[in-house]
Amino acid sequence: MKITATAVALFLWALGSAFAVSPQDSCVTCHSALEGKQAEPARLFAADVHRQVGLGCADCHGGDPKDESMNAMSRAKGFRGAPKKAQVPEFCARCHADIAYMRRFNPKLRVDQLSQYLTSVHGKRLKQGDTKVAACVDCHGVHNMLPASDTRSPVHPTNVASTCARCHADAEHMKGYKTPTDQVARYLKSVHAEMLAQGDTAAPTCSTCHGNHGATPPGVTSVANVCGTCHVFFEQLFVKSPHQAAFARMGLPGCVECHSNHEIVKPADDWVGVGAKAVCVNCHAVGDKGYAAAQKMAGDLARLKTFLGRAEEILGTAERSGMGVSGPKVELTNAHEALVKARVNVHSFNEPEVRKLTEQGVDIAQKAYQAGVVALRERDVRRKGLGISLIFIVLAVSGLYLKIRQIESGSRT
Ligand code: HEC
Ligand code: HEC
Ligand code: HEC
Ligand code: HEC
Ligand code: HEC
Ligand code: HEC
Ligand code: HEC
Ligand code: HEC
Ligand code: HEC
């Protein structure tokens with residue numbers, strides 16, 4: 001059989017494509033054998049999300065992954081090297097802003113990271129040449145990038161605070177800026193951080209309020225307005241309240257003015273009123289309408305809590321005495337509900353609104369209290385009845401005893 005040149009070529013071509021399917025990536029092979037910074041990318045890359053979808057070193061860096069010599073990295077073969085920090089966003093966006101390209105892999109993945117990033121303080125400052133800000137790899141890592149949904153990813157909600165902390169809690173790194181470096185420490189003391197640590201992913205982390213990439217999250221004009229995206233009722237009440245216009249006029253933020261932005265702690269009833277812990281007296285003083293309203297609101301809440309306490313106590317006593325009070329106890333949960341609603345309605349900053357709710361609660365609590373009184377009275381009646389029957393039983397037993405003694409002494413004689 002005569003072996004033609006064409007057959008040889010075909011054979012070599014088949015061999016070549018066989019190699020392509022079982023990828024002998026020269027970039028990985030050679031870099032794995034190098035040391036330190038040159039070897040690390042190859043070592044880390046196995047777990048990288050880009051590797052997982054079949055991309056290689058050359059898809060990002062260019063060059064020829066089939067060439068086993070240093071020529072693999074020649075500019076003639078499209079090698080673009082490692083980007084400088086200022087070039088990183090565009091380096092990533094070559095793919096991530098290309099809808100047609102990204103759709104081939106994952107049609108649901110957003111492609112606006114770069115355009116959003118450019119609206120952020122990070123993006124704007126990087127364009128001005130400030131390389132201390134965060135670029136893509138500062139938040140996502142490099143060569144070991146993971147999907148955001150992976151719990152090991154530095155941008156997974158539970159890890160975001162420590163990712164931001166690398167710069168924002170580092171006074172040395174942030175030297176020269178006017179921005180304080182206490183956001184992370186304060187955030188970690190918040191209800192939000194506590195809920196997130198307990199696995200409640202509905203609670204916000206840094207990027208939920210500040211946006212993943214952009215200056216603000218979608219649909220929010222200013223970060224100070226972000227609270228209403230989750231605490232919808234509070235926002236609705238606040239917007240209708242006298243504070244809305246007054247705060248706007250004075251250039252004050254809404255929620256954050258009373259709750260702060262990072263160290264958001266669990267509020268308590270003594271925040272309302274004119275006492276030492278009340279937030280109202282930060283702005284209101286004796287003689288103005290807000291002061292009077294604050295005082296009355298605190299009174300409304302206290303009154304309901306007093307009635308609730310009394311009702312709970314008496315029903316508790318009745319229950320411990322074996323009286324059935326489950327009905328009134330169920331009723332009483334509605335009074336608790338009224339207290340919860342009243343606390344939310346503090347945000348109407350309208351005292352009659354709050355009183356309407358607390359008085360509904362007081363009515364319910366009073367009825368429950370009465371049920372407790374009736375139950376205890378019934379307990380006493382039963383106890384009295386029990387006492388009387390006990391006396392009769394004792395009398396009968398002692399009579400019987402005497403009778404037996406009498407019979408016994410009679411039979412001995
Ligand atoms: C034969 C070994 C070898 C092969 C094959 C190889 N490299 Fe390299 N690479 C090196 C060495 C050595 C260095 C460090 C010296 C240098 O910068 O030239 C380096 C440096 C680099 C750098 C850093 C250069 C910079 O801009 O700072 C990148 C990025 C890189 N290689 C990517 C690749 C990619 C992508 C491939 C495959 C297309 C590849 N390498 C193939 C040996 C190799
Ligand atoms: C998703 C894109 C991407 C892929 C894939 C990728 N790299 Fe990189 N690589 C980068 C970026 C971005 C940088 C610059 C990192 C920085 O500035 O910290 C970089 C930097 C480097 C450097 C310079 C390291 C240094 O500290 O100077 C080397 C070497 C390198 N990559 C090699 C590789 C090799 C080898 C592979 C394949 C195993 C690979 N890269 C895969 C994006 C990528
Ligand atoms: C060669 C094109 C390309 C380049 C360059 C590139 N990526 Fe990707 N990236 C992809 C593809 C494709 C995916 C996989 C999408 C999928 O299947 O979900 C991906 C996935 C990701 C994911 C995971 C997304 C998720 O949550 O599912 C992150 C994060 C990511 N890339 C960040 C970067 C960063 C940061 C850079 C720059 C250092 C970069 N990429 C450069 C193509 C690229
Ligand atoms: C300040 C930190 C930070 C920077 C800088 C950053 N990212 Fe992200 N990135 C995040 C966070 C946080 C998420 C969302 C995690 C989640 O969904 O819970 C994310 C998500 C992603 C995703 C998944 C899809 C999505 O949009 O939700 C991709 C892809 C991505 N980033 C690419 C990039 C690219 C490309 C750059 C640079 C242009 C970049 N990121 C810059 C923090 C950052
Ligand atoms: C690589 C370091 C670095 C990382 C990581 C980083 N930042 Fe920044 N950030 C900076 C620097 C530097 C500035 C500029 C400081 C300034 O303008 O006062 C900045 C500015 C900001 C600002 C604007 C501050 C202002 O003055 O209004 C916000 C908001 C912000 N970062 C949030 C975040 C969040 C949220 C994360 C984490 C998802 C994060 N940053 C991660 C370095 C970083
Ligand atoms: C519940 C929403 C929320 C969360 C969570 C949050 N922030 Fe903020 N942050 C704000 C608001 C609101 C401001 C004030 C912005 C304004 O007035 O425009 C702010 C301001 C900032 C500033 C500007 C400087 C300053 O202190 O005023 C930085 C930087 C910042 N936050 C970083 C972070 C970091 C880092 C985290 C995570 C540890 C974080 N934020 C978590 C809402 C939040
Ligand atoms: C991403 C959604 C989200 C955002 C944005 C958000 N929160 Fe929250 N917040 C929660 C969740 C979830 C909880 C815990 C469950 C609960 O008590 O509602 C919580 C709890 C609270 C609590 C404690 C409630 C209690 O009874 O203990 C206060 C106060 C609070 N947030 C105020 C704010 C303020 C002020 C902002 C804006 C700066 C804000 N939140 C932004 C989701 C959010
Ligand atoms: C003028 C001060 C003030 C403003 C502005 C304010 N709050 Fe409050 N907030 C309070 C006080 C006081 C309480 C405590 C009520 C109580 O427990 O009796 C409270 C309680 C809360 C609670 C917990 C309620 C509960 O069930 O215990 C949440 C959540 C909350 N506020 C969210 C918000 C949000 C969201 C905004 C903005 C739309 C906002 N607040 C604006 C003063 C304020
Ligand atoms: C950040 C400052 C600030 C805080 C804190 C504050 N207020 Fe006000 N409040 C105002 C301003 C400003 C007005 C507009 C009327 C005025 O100038 O007195 C107002 C108006 C009111 C009004 C309407 C008064 C009228 O004229 O009819 C009520 C009621 C009120 N506040 C109740 C409260 C209560 C209750 C609290 C505490 C939970 C509180 N405020 C906390 C600044 C504040």
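We count ligands from 1, going down the list as the structure has it; atoms in each ligand are counted the same way.
A salt bridge does not link Arg320 with Glu313: every distance from a Lys NZ or Arg NE/NH1/NH2 to an Asp or Glu carboxylate oxygen is 4.0 Å or more.
The side-chain contact (heavy atoms from CB on, under 4.5 Å) test with Val256 is passed by exactly one of Asn261, Val226, Asn225: Asn261. The side-chain contact (heavy atoms from CB on, under 4.5 Å) test with Val88 is passed by exactly one of Val142, Val137, Leu126: Val137. A side-chain contact (heavy atoms from CB on, under 4.5 Å) with Thr205 is found for one member of Thr163, Thr158, Val160, Val155 and no other, namely Val160. Among His192, Arg186, Gln183, the one residue that satisfies the side chain to side chain donor-acceptor pair (under 3.5 Å) test with Glu263 is Arg186.
With sequence neighbours excluded, no residue forms a ring-ring contact (aromatic ring centres under 6.0 Å, His included) with His50.
Counting atoms of ligand 7 from 1 in the listed order, those under 4.0 Å from a heavy atom of Val226 are 5 (C). Interface atoms of ligand 8 facing His243, defined by a heavy-atom separation under 4.0 Å, are 1 (C). Atoms of ligand 8 lying under 4.0 Å from any heavy atom of Leu301, numbered from 1 in the order shown and given with element: 18 (O). The ligand atoms of ligand 8 that sit less than 4.0 angstrom from a heavy atom of Gly254 are 5 (C). Listed by number with element, the atoms of ligand 8 under 4.0 angstrom from any heavy atom of Glu235 are 38 (C). The contact set between ligand 7 and Thr208, taken as ligand atoms under 4.0 Å from a residue heavy atom, comprises 1 (C). Near Met195, with a cut-off below 4.0 Å to any heavy atom, the atoms of ligand 7 are 14 (C).
Heavy-atom contacts from other residues, nucleotides or ligands closer than 6.0 Å to CD of Glu68 number 12 or fewer. Annotation for Lys305: atom NZ counts as buried by contact number, over 12 foreign heavy atoms lying within 6.0 Å. Open room surrounds CD1 on Ile99; 12 or fewer heavy atoms of other groups in view lie less than 6.0 Å from it.
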For ligand 2, list every N/O pair with the protein closer than 3.5 Å, one pair per line with the distance.
| unit_1 | atom_1 | unit_2 | atom_2 | d |
| --- | --- | --- | --- | --- |
| ligand 2 | 7 (N) | His61 | NE2 | 2.8 |
| ligand 2 | 7 (N) | His143 | NE2 | 2.8 |
| ligand 2 | 9 (N) | His61 | NE2 | 2.8 |
| ligand 2 | 9 (N) | His143 | NE2 | 2.8 |
| ligand 2 | 31 (N) | His61 | NE2 | 2.9 |
| ligand 2 | 31 (N) | His143 | NE2 | 2.9 |
| ligand 2 | 40 (N) | His61 | NE2 | 2.9 |
| ligand 2 | 40 (N) | His143 | NE2 | 2.8 |

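Looking at Ser162, its side chain never comes within 3.5 Å of a backbone N or O of Ala165 through a donor-acceptor pair.
Of all protein atoms, those of element N, O or S that lie under 2.8 Å from atom 8 (Fe) of ligand 7 number 2.
The shortest N/O to N/O separation between Asp200 and ligand 7 does not fall below 3.5 Å.
Residues His243 and Phe349 bring their aromatic ring centres within 6.0 Å. His213 and Tyr117 have their aromatic ring centers separated by at least 6.0 angstrom.
A donor and an acceptor atom, one from each side chain of Gln236 and His231, are nowhere located under 3.5 Å apart.
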Legend entry - Glu337 vs Lys341, salt bridge (charged side-chain N to carboxylate O under 4.0 Å, His left out): CA-CA, chis, key distance, verdict: CA-CA 6 Å; Glu337 188 88 337; Lys341 281 192 195 147; 5.1 Å; no
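Counting only distances under 2.8 Å, and ignoring water, the protein N, O or S atoms around atom 8 (Fe) of ligand 8 are His259 NE2, His347 NE2.
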